Novice: 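Just passing along the structure, written as structure tokens.
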Amino acid sequence: MPRPVTLFTGQWADLPFQVVCEKAKSFGYDGVEIACWGDHFDVERALSEDGYIQGRWDILKKYGLSCYAISNHLVGQAVCDRIDERHKGIVPPRVWGDGKENGVRMRAAEEMMNTARAAARMGVKVVPGFTGSPIWHLVYSFPAVTQSMLDEGYTFFADMWNPILDVFDEAGVKF
């Protein structure tokens, strides 16, 4: 049985979800990996609004498509990054909040946990995404960084992502 060929909707987030689905079908795709930005997939609405998930499926079915993954790269990036003004443009306002680094990270972590829950409700078993990194700026830096700085970064990364991955496990969804 051949694997389905899918289109990631993130590069098309300036277009309405329905238009992207119509184009994906006309291009010959079997399904999509839905991005959690633009109007393509809203995690909060998926968890709180009756009929939202069915509405996504209705659009997909209209074009003979399936959904194989829900991507939340942009919010995932904010979990471990050093937060600055660039992140304001890529995360939802509810995640950005007041823009204070620790608050953004905590809200991003919660949003990723909710992404696992929303994917499970959608019946999707895979969520691709970015993780962010507390040490990316140190990897090729000058002046040199100490091993303890890198170790602290790895510990921070594990502390932030292990609870998120536990929820993915509980929801039966791969990240």
Side-chain angles (χ1 to χ4, degrees), residues 8-15 17 32-50 52-53 56 67-175:
F8 172 52
T9 71
Q11 289 91 348
W12 302 78
D14 60 322
L15 297 176
F17 182 61
V32 294
E33 173 185 321
I34 306 175
C36 290
W37 55 90
D39 81 331
H40 297 194
F41 193 86
D42 185 306
V43 170
E44 186 175 64
R45 290 180 70 192
L47 294 177
S48 66
E49 196 175 298
D50 290 341
Y52 179 80
I53 289 175
R56 298 290 94 178
C67 175
Y68 295 95
I70 295 171
S71 297
N72 210 347
H73 293 82
L74 303 180
V75 170
Q77 187 70 32
V79 172
C80 283
D81 266 8
R82 294 182 68 174
I83 303 300
D84 61 42
E85 191 66 24
R86 296 171 300 160
H87 295 85
K88 185 177 185 179
I90 66 169
V91 299
R94 67 179 174 269
V95 172
W96 180 255
D98 62 6
K100 292 184 179 169
E101 190 168 37
N102 285 337
V104 173
R105 284 183 182 147
M106 293 301 111
R107 289 184 294 275
E110 184 63 31
E111 183 84 356
M112 291 307 297
M113 292 177 201
N114 285 337
T115 302
R117 295 174 182 114
R121 281 193 183 176
M122 181 93 174
V124 173
K125 298 293 184 190
V126 177
V127 174
F130 298 141
T131 62
S133 171
I135 60 170
W136 185 247
H137 67 286
L138 303 175
V139 174
Y140 294 110
S141 67
F142 180 85
V145 300
T146 65
Q147 184 61 46
S148 66
M149 292 171 82
L150 296 174
D151 291 343
E152 287 173 24
Y154 288 125
T155 298
F156 176 81
F157 183 89
D159 290 345
M160 292 300 294
W161 273 97
N162 281 336
I164 296 168
L165 295 174
D166 289 345
V167 172
F168 272 85
D169 285 343
E170 290 167 12
V173 175
K174 292 180 186 178
F175 179 80

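Everything numeric here is computed off the predicted structure, so don't read it as measured data. For reference, positions follow the sequence shown, starting with 1.
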Novice: Are any of the side-chain nitrogens in E101 or R105 under 4.0 Å away from the carboxylate oxygens of its partner?
Specialist: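 Salt bridge between E101 and R105, a charged N being under 4.0 Å from a carboxylate O: yes.
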Novice: Salt bridge or not for D98 and R107, using N-O below 4.0 Å?
Specialist: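 A salt bridge is present here (some side-chain N lies under 4.0 Å from a carboxylate O).
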Novice: How close do A118 and F41 get, counting heavy atoms only, and between which atoms?
Specialist: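 Closest approach of A118 to F41, heavy atoms only: CB-CE2, 4.0 Å.
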Novice: Is the closest side-chain heavy-atom distance between C80 and F156 below 4.5 Å?
Specialist: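 The answer is yes; the side chains approach within 4.5 Å.
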Novice: Just by distance, do the side chain of D81 and the backbone of G132 share a donor-acceptor pair under 3.5 Å?
Specialist: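 No, D81 side chain to G132 backbone: no donor-acceptor pair under 3.5 Å.
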Novice: After noting the C-alpha distance and the side-chain angles of I135 and Y154, does the key distance pass the side-chain contact (heavy atoms from CB on, under 4.5 Å) rule?
Specialist: CA-CA 8 Å; I135 60 170; Y154 288 125; 3.9 Å; yes
Novice: Step through the shown structure and confirm whether more than 12 heavy atoms of other residues, nucleotides or ligands are within 6.0 Å of NZ on K125.
Specialist: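 Count over threshold, so yes.
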Novice: Side-chain contact, heavy-atom cut-off 4.5 Å: I70 with R56?
Specialist: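 They are not in side-chain contact.
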Novice: Do V167 and R117 come within less than 4.5 Å of each other through their side chains, counting heavy atoms only?
Specialist: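 Yes - at least one pair of side-chain heavy atoms lies under 4.5 Å apart.
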Novice: Does the side chain of N114 come within less than 4.5 Å of E44's, by heavy atoms?
Specialist: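 No, their side chains stay 4.5 Å or more apart.
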Novice: Are N72 and V43 packed together at the side-chain level, in the sense that at least one heavy-atom pair is separated by less than 4.5 angstrom?
Specialist: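 Counting from C-beta outward, N72 and V43 do come under 4.5 Å.
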Novice: How about CZ on R82, more than 12 heavy atoms from neighbouring residues, nucleotides or ligands closer than 6.0 Å, or not?
Specialist: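 Check fails, neighbour count at 12 or below.
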Novice: To check you understand the geometry: which heavy-atom pair defines the closest contact between V75 and V91, and what is its length?
Specialist: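 Shortest heavy-atom separation between V75 and V91 comes out as CA-CG1, 4.1 Å.
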Novice: Counting distance only, does the side-chain N/O of H40 pair as donor-acceptor with the main-chain N or O of L15 below 3.5 Å?
Specialist: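 At least one qualifying donor-acceptor pair exists.
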Novice: Mind checking whether L47 and Y52 have side chains closer than 4.5 Å, heavy atoms only?
Specialist: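 No, too far: nothing below the 4.5 Å cut-off.
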Novice: Any donor-acceptor pair under 3.5 Å linking the side chain of W161 with the backbone of T131?
Specialist: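 Yes, because the side chain of W161 sits within donor-acceptor range (under 3.5 Å) of the backbone of T131.
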Novice: Please name the pair of heavy atoms, one in I34 and one in C67, separated by the smallest distance, quoted to 0.1 Å.
Specialist: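 Between these two residues, the closest heavy atoms are CD1-SG, 3.6 Å.
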Novice: Can you establish whether the number of heavy atoms outside D50 located under 6.0 Å from its atom CG is more than 12?
Specialist: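 Atom CG in D50 is not packed in, count stays at 12 or less.
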